[in-house]
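Read through the structure below, which is laid out as structure tokens, and then see the notes.
Atom set for the values below is all heavy atoms of this structure, side chains included, hydrogens, waters and symmetry mates excluded.
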Amino acid sequence: LVNQYYITLSRLLDKHAPKQTRRAKIRAPSPWMSLDILQAKRHRRYLERIWRRTRSPLDRSRYTKQLHLCNHMMSKAKSDYYTDLISTHSENPCQMWKSINTMLHRDKPKVLPDSSSLDTLCSMFSKYFTDKIANIQSRFVINDVDYNVTEQLHFGNTLQCFTPATTSEVRTIVQ
């Protein structure tokens with residue numbers, strides 16, 4: 001009976017909550033972030049949880065004091081890091097401007113795909129999104145019945161122009 005229960009439960013879980021793999025991007029820590037700042041941030045979060053639970057003025061005072069300390073520590077660390085970065089590259093203007101552009105998050109502008117005309121570009125976008133929707137909808141399953149919805153898609157072959165969404169359409173979608 002235990003084995004049968006296990007098999008039945010496993011099938012139900014596989015059916016209604018199948019395993020899914022997700023990719024997570026691991027970001028490199030900021031170059032100015034130190035262990036002292038990380039510890040101060042942990043302590044700040046700890047004090048915040050206490051304050052949210054108790055709502056006492058004393059706990060709020062402790063939390064805000066730690067909050068200001070963390071902000072000051074991060075601001076000083078950033079300032080020191082960027083000051084050192086600029087001073088080390090002050091003799092080389094090319095490197096200095098690269099550093100400044102990095103600090104200001106200036107990237108090269110994204111370039112749209114090349115196309116001979118606006119109609120061709122619209123058609124390329126239309127084909128890309130139509131294929132993407134068809135791919136997603138082809139995997140649509142309800143109650144163990146495979147519904148192949150791709151045959152029900154009725155998209156035109158070309159897209160002449162993009163019309164902006166109205167405020168009411170956006171509101172409806174968000175709601």
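- Other residues sharing a hydrophobic cluster with V174 under the 4.5 Å side-chain heavy-atom criterion for ILVMFWY residues are V170.
- Note on D59 versus R62: salt bridge recorded, some NZ/NE/NH1/NH2 to OD/OE distance being below 4.0 Å.
- By the 6.0 Å and 45° rule, R55 stacks over the aromatic ring of W51.
- At a threshold of 4.5 Å between non-hydrogen side-chain atoms, the residues Y63 and Q66 do not count as touching.
- Here the CG-NZ distance, from L13 to K19, works out to 11.0 Å after rounding to the nearest 0.5 Å.
- Here NZ of K127 is found 14.0 Å from NZ of K132. Values are rounded to the nearest 0.5 Å.
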Just list the side-chain donor-acceptor pairs under 3.5 Å for residues 77-84, sequence neighbours left out, or say none.
unit_1 : atom_1 : unit_2 : atom_2 : d
D80    : OD2    : K76    : NZ     : 3.2
T83    : OG1    : S79    : O      : 2.6

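- Side-chain contact check for S117 and T120: at least one donor-acceptor pair (N or O, by modelled atom type) lies under 3.5 Å.
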Just list the side-chain donor-acceptor pairs under 3.5 Å for residues 93-100, sequence neighbours left out, or say none.
unit_1 : atom_1 : unit_2 : atom_2 : d
S99    : OG     : Q95    : O      : 3.0

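- More than 12 heavy atoms of other residues, nucleotides or ligands sit less than 6.0 Å from atom CD of E169.
- Contact check for I86 versus M103: side-chain heavy atoms found under the 4.5 Å cut-off.
- Interatomic distance, CG of D119 versus OG of S123, reported as 6.5 Å (0.5 Å rounding).
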Only pairs under 3.5 Å count here: list side-chain donor-acceptor contacts from residues 22-40, not counting sequence neighbours, and write none if there are none.
unit_1 : atom_1 : unit_2 : atom_2 : d
R22    : NH2    : Q20    : OE1    : 2.6
S34    : OG     : I37    : N      : 3.4

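- Applying the salt bridge (charged side-chain N to carboxylate O under 4.0 Å, His left out) rule to R52 yields the partners E48; only residues at least two apart in sequence or on another chain are considered.
- Test I7, L9, L1, T8 against Y5 for side-chain contact (heavy atoms from CB on, under 4.5 Å) and you get one pass: L9.
- Clustering of Ile, Leu, Val, Met, Phe, Trp and Tyr side chains at separations under 4.5 Å leaves L58 isolated, with no partner residue.
- In this structure, T130 and S126 have side chains that are in contact, with non-hydrogen atoms separated by less than 4.5 Å.
- A donor-acceptor pair under 3.5 Å is formed between the side chain of S90 and the backbone N or O of S87.
- To the nearest 0.5 Å, atom OG1 of residue T102 and atom CG of residue L85 are 8.0 Å apart.
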